[in-house]
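Scroll down for the structure; my scribbles are underneath it.
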Amino acid sequence: MTDEHIDTIIIGAGQAGIAMSEHLTAKGFSHRVFEKSRIAEAWRTGRWDSLVANGPAWHDRFPHREFPNYAGDEFVGKEDVANYFSDYVEQFQLPVECGVEVKRVSKKPQQPGFYVETSKGNFHADNVVVATGPFHHPLIPPIAPAIDGIQQIHSAHYFNPEQLAPGAVLVVGAGSSGVQIADEIQRSGRDVYLSVGPHDRPPRSYRGRDFCWWLGVLGLWDATEHAPGKSHVTIAVSGARGGETIDFRRLAKQGITLTGMTDHFAGELVHFKPDLLDNIRAGDESYLALLDAADAWIESNGADLPEEPTARQFVENAHCLTQPLTDLDLRAAGVTTIIWATGYSTDYHWLDIDVFDEKGKPRQQRGVSAERGLYFLGLPWQSRRGSSFIWGVWHDANYVADQIAIHKSYLAYPTISLS
């Protein structure tokens, strides 16, 4: 057992923790990164086998290292993303310790700093950076039924079609994960039902530029909060097969049966909300709005980018869109698997400090928590829309490192005697 003092402890060695370590190393600040598993473990074991990054290689990376063996417009496979971070640790000689689980963090009474209890022993820290991200536990909603003979898994535990029992599949949730999983399973030769809720579906590319580029030149990466009414809306985007725009009408023509949001189950009967067409139309509106903004930018800036009139052409509605299902008898439809692509919940039970709101979310501003010396990194919209991307978390880490430096400078100020 140890009772060692460490200036700053970073919890988690995913993209957030590694970015944080790089910035502290550059400032010459003593610190350690504790990771309970392996570097970038979520990329290795918390994703399906064929997953690629949602942003192209030129964009979705840290500034000081490119992805080897990938052209700039290619999309990097998940194992290569994980290896990228492992190599990054070696390149910058970052002090990452794997196999160290943080069990409890608490505030020191009546003095600055924290107690950090780990599987390796106990430590004292002046600063703690929680870089565990927001995706702690796969979330399956309470409406999930208990039906004998029907397998139910979260998208975090889906790896490939071969792991599933023979039969049709219902995928609940049509964000980036749900859409790509449904598409892959249907292409493997299975009947697939995809339950579609509210979503935005940006173009993968338009007029020769990836949507990541468009968000940059249009200033949309720097948005500091969701547009009104969009906080519950998922983003449907994919880098699969070289990158493609998610088009729900095309998926329906391909053979996937689209439904509205899953409302409830009555035994083996699942009932859907009558909102499929509304959700599709709203997704179309978000898609067309970005095309309009891109066209306006091109005209305003005199950019020489090729016109793309086909981008505004939609395929006709398939039968499942003209006559949407309101319910589905799972047994009669041959459904043997339900995949819940329904997001994650957070779990900070080990963080014994009063910095959470009534919903269990950290009270923080750009990563600086209500308790001085405690920081968060890797949260969606932590400072802006780009925070959840690899490059975005690197810039957020830079800000947090500056705040740590400022805090340290105040604590180092000489004591003034007033006697």
Side-chain contact, heavy-atom cut-off 4.5 Å: [X] with [Y]?
| X | Y | answer |
| --- | --- | --- |
| Thr8 | Leu24 | yes |
| His349 | Arg104 | no |
| Ile338 | Leu330 | yes |
| Gln180 | Arg241 | no |
| Tyr84 | Asp87 | no |
| Thr132 | Phe376 | no |
| Phe123 | Val105 | no |
| Thr224 | Arg385 | no |

Distance from [X] atom [atom1] to [Y] atom [atom2], nearest 0.5 Å?
| X | Y | atom1 | atom2 | answer |
| --- | --- | --- | --- | --- |
| Gln91 | Ser86 | CD | OG | 12.5 Å |
| His31 | Ser21 | NE2 | OG | 2.5 Å |
| Tyr344 | Ile140 | OH | CD1 | 11.0 Å |
| Ile147 | Thr336 | CD1 | OG1 | 12.0 Å |
| Ile339 | Tyr193 | CD1 | OH | 14.5 Å |
| Ile235 | Arg201 | CD1 | CZ | 12.0 Å |

Check: What's the verdict on side chain to side chain contact (heavy atoms under 4.5 Å, CB included) for Leu94 and Val33, showing C-alpha distance, side-chain angles and the deciding distance?
Finding: CA-CA 8 Å; Leu94 305 180; Val33 184; 5.8 Å; no
Side-chain donor/acceptor of [X] to backbone N/O of [Y], under 3.5 Å:
| X | Y | result |
| --- | --- | --- |
| Thr342 | Leu139 | yes |
| Glu74 | Ala71 | yes |
| Arg38 | Gly99 | no |
| Arg207 | Pro306 | yes |
| Asp275 | Met261 | yes |
| Trp221 | Cys212 | yes |
| Thr346 | Pro134 | no |
| Glu371 | Ile353 | no |
| Arg61 | Pro63 | yes |
| His136 | Asp347 | yes |

If only side-chain N and O atoms count, and only distance matters, is there a donor-acceptor pair under 3.5 Å linking [Y] with [X]?
| X | Y | value |
| --- | --- | --- |
| Ser383 | Asp396 | yes |
| His5 | Asp126 | yes |
| Thr262 | Ser195 | yes |
| Gln186 | Asp191 | no |

Next item on the list: Over 60° means perpendicular and under 30° means parallel, so classify the ring planes of His64 and Phe92, tilted if in between.
Entry: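 Tilted.
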Check: Which of parallel (below 30°), tilted (30 to 60°) and perpendicular (above 60°) describes Trp297 and Trp214?
Finding: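 Correct class here is perpendicular.
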Note to self: Could you walk me through whether Arg32 and Glu4 satisfy the side chain to side chain contact (heavy atoms under 4.5 Å, CB included) test, starting with their C-alpha distance in whole Å, then the side-chain angles of each, then the deciding distance to 0.1 Å, before giving a yes or no?
What the structure shows: CA-CA 12 Å; Arg32 305 257 277 281; Glu4 181 182 354; 2.9 Å; yes
Check: Would Arg204 and Glu244 satisfy salt bridge (Lys or Arg N to Asp or Glu O under 4.0 Å), going step by step from the backbone distance to the final call?
Finding: CA-CA 5 Å; Arg204 175 71 270 175; Glu244 58 188 9; over 6 Å; no
Check: Hey, mind stepping through Phe248 and Val196 against side chain to side chain contact (heavy atoms under 4.5 Å, CB included) and telling me if it holds?
Finding: CA-CA 9 Å; Phe248 287 95; Val196 179; 3.9 Å; yes
Item checked: All side chain to side chain contact (heavy atoms under 4.5 Å, CB included) counterparts of Leu288, not counting sequence neighbours ->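 By the side chain to side chain contact (heavy atoms under 4.5 Å, CB included) rule, Leu288 matches Leu291, Arg312, Phe314.
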Margin query: Asn83: which residues meet the side chain to side chain contact (heavy atoms under 4.5 Å, CB included) condition with it, sequence neighbours left out?
Written below: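 Expected list: Arg44, Asp80.
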Notebook entry, point to check: Which pair of heavy atoms, one from Ala252 and one from Leu258, lies closest together, and at what distance?
Noted result: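 In this case the closest contact between Ala252 and Leu258 is CB-CD1, 4.0 Å.
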Checklist line | Evaluation steps, salt bridge (Lys or Arg N to Asp or Glu O under 4.0 Å), between Asp357 and Arg363 | finding: CA-CA 6 Å; Asp357 63 20; Arg363 298 197 306 273; over 6 Å; no
Next item on the list: Run the numbers on Tyr206 and Phe211 for ring-ring contact (aromatic ring centres under 6.0 Å, His included), then give the verdict.
Entry: CA-CA 7 Å; Tyr206 180 57; Phe211 99 98; over 10 Å; no
Next item on the list: Just do the side chain to side chain contact (heavy atoms under 4.5 Å, CB included) check on Arg249 and Asp284 with the steps written out, would you?
Entry: CA-CA 10 Å; Arg249 291 182 177 83; Asp284 291 343; 2.5 Å; yes
is_close_aromatic([X], [Y]), centroid dist under 6.0 Å:
| X | Y | value |
| --- | --- | --- |
| Phe85 | Phe62 | yes |
| His59 | Trp213 | no |
| Tyr399 | Tyr375 | no |
| Phe67 | Trp58 | no |

Notebook entry, point to check: Would Arg384 count as a cation-pi partner of Trp381, with NZ or CZ less than 6.0 Å from the six-membered ring centre and within 45° of the ring normal?
Noted result: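 That pair does not qualify as a cation-pi contact.
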Would you say that more than 12 heavy atoms from the other residues, nucleotides or ligands in this model lie under 6.0 Å from the [atom1] of [X], or not?
| X | atom1 | value |
| --- | --- | --- |
| Lys361 | NZ | no |
| Glu97 | CD | yes |
| Lys253 | NZ | yes |
| Gln111 | CD | yes |

Margin query: Just to verify, what does His124 make a ring pair (Phe, Tyr, Trp, His ring centres under 6.0 Å) with, not counting sequence neighbours?
Written below: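 His124 satisfies ring pair (Phe, Tyr, Trp, His ring centres under 6.0 Å) with Tyr115 only.
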